[in-house]
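What follows is a single structure, written as structure tokens, with notes after it.
Values below: all heavy atoms of this structure, side chains included; hydrogens, waters and symmetry mates excluded. For clarity, every value in this text was computed on a predicted model and none was experimentally measured.
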Amino acid sequence: MNDRAGSRCATGCYGQGVSIPEITQRDLRSRSREIMDAVERGQSFTVTRDGREIGQLVPIRRRRRFVPREEFAAMSRNAPTIDLEAFRADQDATIDHEAGGAYDQ
């Protein structure tokens, strides 16, 4: 991307990690392919019109289908312990044991 990504953020916004670069509506219109390519790579932008913020372009978060075993183990280390007897009791209290199955009708 060239330096025109946002005249107000050309030198400062990228390095701060907090601000999102600003682009004008005119920039968006004239450089849409370049800007959309940057969004596809994970970059976000604030769109301005007449110096006012009017919207944001942000990449869509893709849902992962696979979590590596090591990552799952790391996430699970901080999970609360479950009392299995209490869990089963909660399930039994919630289930309507007298209701018929879906195929009984």
Side-chain angles (χ1 to χ4, degrees):
M1 212 142 147
N2 63 28
D3 292 334
R4 292 177 45 205
S7 58
R8 291 163 68 185
C9 289
T11 58
C13 290
Y14 293 105
Q16 293 175 2
V18 175
S19 298
I20 297 175
E22 292 182 356
I23 56 172
T24 64
Q25 179 183 4
R26 177 176 290 173
D27 246 356
L28 177 59
R29 200 170 40 242
S30 65
R31 298 177 31 236
S32 64
R33 180 176 178 90
E34 180 183 351
I35 292 168
M36 291 296 119
D37 287 346
V39 171
E40 189 174 36
R41 289 190 307 270
Q43 177 70 54
S44 298
F45 296 94
T46 298
V47 181
T48 63
R49 180 191 303 153
D50 299 325
R52 292 179 300 115
E53 295 180 352
I54 60 169
Q56 289 188 336
L57 288 173
V58 294
I60 294 175
R61 290 183 58 169
R62 303 269 182 227
R63 190 175 222 172
R64 286 193 310 184
R65 293 179 183 256
F66 174 77
V67 177
R69 179 180 295 189
E70 297 79 22
E71 189 174 334
F72 179 78
M75 290 186 298
S76 300
R77 283 187 199 110
N78 296 327
T81 51
I82 297 174
D83 179 353
L84 290 178
E85 292 301 318
F87 179 73
R88 288 187 183 114
D90 286 345
Q91 285 183 322
D92 284 340
T94 304
I95 295 173
D96 183 3
H97 293 285
E98 294 182 21
Y103 299 105
D104 290 342
Q105 297 177 359

Inset, instruction - State the OG-CZ distance between Ser76 and Arg69, to the nearest 0.5 angstrom. - result: 12.0 Å
Inset, instruction - Supply the atom-to-atom distance Arg77 CZ to Phe72 CZ, rounded to the nearest 0.5 angstrom. - result: 11.5 Å
Legend entry - Contact check, side chains of Val58 and Gln43, non-hydrogen atoms, under 4.5 Å: no
Inset, instruction - Please examine the side chains of Ile20 and Gln56, heavy atoms only from C-beta on, and report whether any two atoms are closer than 4.5 Å. - result: yes
Inset, instruction - To the nearest 0.5 angstrom, please state how far the CD atom of Gln25 sits from the CZ atom of Arg52. - result: 10.0 Å
Inset, instruction - Please check if atom CD1 in Ile54 has more than 12 non-hydrogen atoms from other residues, nucleotides or ligands closer than 6.0 Å. - result: yes
Inset, instruction - Please report the C-alpha distance between Ile23 and Ile35 in whole Å, then the side-chain angles of each, then the deciding distance to 0.1 Å, and finally whether the side chain to side chain contact (heavy atoms under 4.5 Å, CB included) criterion is met. - result: CA-CA 9 Å; Ile23 56 172; Ile35 292 168; 3.7 Å; yes
Legend entry - Met36 side, atom CE; Arg41 side, atom CZ - distance, nearest 0.5 Å: 11.5 Å
Inset, instruction - Any chance you could measure Asp37, atom CG, to Glu34, atom CD, to the nearest 0.5 Å? - result: 8.0 Å
Legend entry - Minimum heavy-atom distance between Pro59 and Ser44, given as atom pair plus value: CD-OG, 3.4 Å
Legend entry - Spacing of CZ belonging to Arg49 relative to CG belonging to Leu28, to within rounding of 0.5 Å: 11.0 Å
Inset, instruction - Given side chain to side chain contact (heavy atoms under 4.5 Å, CB included), test Val47 with Leu57 step by step and report yes or no. - result: CA-CA 7 Å; Val47 181; Leu57 288 173; 4.1 Å; yes
Inset, instruction - Just grab all the salt bridge (Lys or Arg N to Asp or Glu O under 4.0 Å) pairs involving residues 78-87, residues at least two apart or on different chains. - result: Glu85-Arg88
Legend entry - Any side-chain heavy-atom pair of Arg29 and Thr24 under 4.5 Å: no
